[in-house]
Trainee: 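One structure, pasted below without further comment.
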Amino acid sequence: MLKQFQRNPIGSLFLGGIVLSLAFSMGNIRQNANSIGQVRQIAQQNAAAQMQLQATEQANQQRAKIAESRYQSGCVVVVAMNAPDHFTSITENQPVLDSVRRVPLPVGTVVCDVNGNTAVLADNGAGTPVATQLAFTGNKTVIESALRGVPAQFNPPQQ
């Protein structure tokens with residue numbers, strides 16, 4: 001090594017400078033590696049969130065098609081018990097009552113409301129049909145078409 005230094009002192013000094021430089025910058029290299037790891041983790045989290053959003057959107061689109069089909073097939077429009085001339089909303093896992101007889105509609109009945117919600121009534125295990133398999137559509141044309149001829153009015157919810 002001493003002979004190499006004597007033959008080429010500038011090259012040896014240059015190599016020594018590089019070695020010293022690397023020794024002093026090891027902390028920065030570790031910090032950069034940690035930062036890269038954090039960025040990679042954030043990118044993976046963002047990708048997972050994006051995939052979840054896309055899956056949710058696809059499921060919503062499928063449910064919207066189901067809801068539109070239910071409206072077009074003649075679902076039973078839900079009206080308020082205490083004011084049958086007013087629309088009301090479907091609530092999941094709650095019974096839908098016949099406004100005249102005040103008894104639950106039968107299992108298998110497809111119900112819909114003015115807000116775009118539809119459901120199928122199923123037995124809750126205690127013998128009462130309740131709203132299940134909810135599906136929503138925002139297609140106002142389909143909703144309004146199904147509501148034509150229903151003698152009820154819509155009062156928007158109060159905030």
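Counting begins at 1 with the first residue of the sequence. Model, not experiment: these values are computed from the prediction.
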Trainee: Is Val76 isolated, or which residues cluster with it under the ILVMFWY side-chain rule of less than 4.5 Å, directly or via members?
Mentor: Val78, Ile90, Val96, Leu105, Val111, Leu121
Trainee: If you round to the nearest 0.5 Å, how far is OG of Ser89 from CG of Asn117?
Mentor: 6.5 Å
Trainee: Might you point out which heavy atoms bring Pro104 and Pro129 nearest each other, and give the distance in Å?
Mentor: CB-CD, 3.8 Å
Trainee: Show the nearest heavy-atom pair for residues Pro95 and Val130, with the distance to one decimal.
Mentor: N-CG1, 3.8 Å
Trainee: What's the verdict on side-chain contact (heavy atoms from CB on, under 4.5 Å) for Val120 and Arg70, showing C-alpha distance, side-chain angles and the deciding distance?
Mentor: CA-CA 9 Å; Val120 176; Arg70 290 174 179 173; 3.5 Å; yes
Trainee: Could you state the interatomic distance from OG1 (Thr132) to CD (Gln94), rounded to the nearest 0.5 Å?
Mentor: 12.5 Å
Trainee: Sorted by first residue and then second, give each salt bridge (Lys or Arg N to Asp or Glu O under 4.0 Å) pair with at least one member in residues 44-66; sequence neighbours left out.
Mentor: none
Trainee: Between Val142 and Gln72, is a side-chain contact (heavy atoms from CB on, under 4.5 Å) present by the stated rule, with each step listed?
Mentor: CA-CA 7 Å; Val142 171; Gln72 292 166 343; 3.9 Å; yes
Trainee: Begin from the C-alpha positions of Val79 and Thr88 and carry the test side-chain contact (heavy atoms from CB on, under 4.5 Å) through to its verdict.
Mentor: CA-CA 5 Å; Val79 294; Thr88 190; 5.6 Å; no
Trainee: Can you check side-chain contact (heavy atoms from CB on, under 4.5 Å) on Thr137 and Ile143, steps first, answer last?
Mentor: CA-CA 8 Å; Thr137 181; Ile143 297 167; 4.2 Å; yes
Trainee: Would you compute the distance between atom CD of Gln133 and atom CD of Glu92 and round it to the nearest 0.5 angstrom?
Mentor: 10.0 Å
Trainee: Quick check for you: to the nearest 0.5 Å, what is the distance between Asn139 atom CG and Ser145 atom OG?
Mentor: 9.5 Å
Trainee: Atom CZ in Phe136, atom CG in Asn60: separation rounded to 0.5 Å?
Mentor: 9.5 Å
Trainee: Does anything in residues 100-127 form a salt bridge (Lys or Arg N to Asp or Glu O under 4.0 Å)? List the pairs, not counting sequence neighbours.
Mentor: Asp98-Arg101
Trainee: Main chain of Gln52, side chain of Thr56: is a donor-acceptor contact present, judged purely on distance under 3.5 Å?
Mentor: yes
Trainee: Out of curiosity, does Tyr71 fall in the hydrophobic cluster containing Val110 (side-chain heavy atoms, cut-off under 4.5 Å, transitive links)?
Mentor: no
Trainee: Rounded to the nearest 0.5 Å, what separation is found between the CG atom of Asn115 and the OG1 atom of Thr118?
Mentor: 12.0 Å
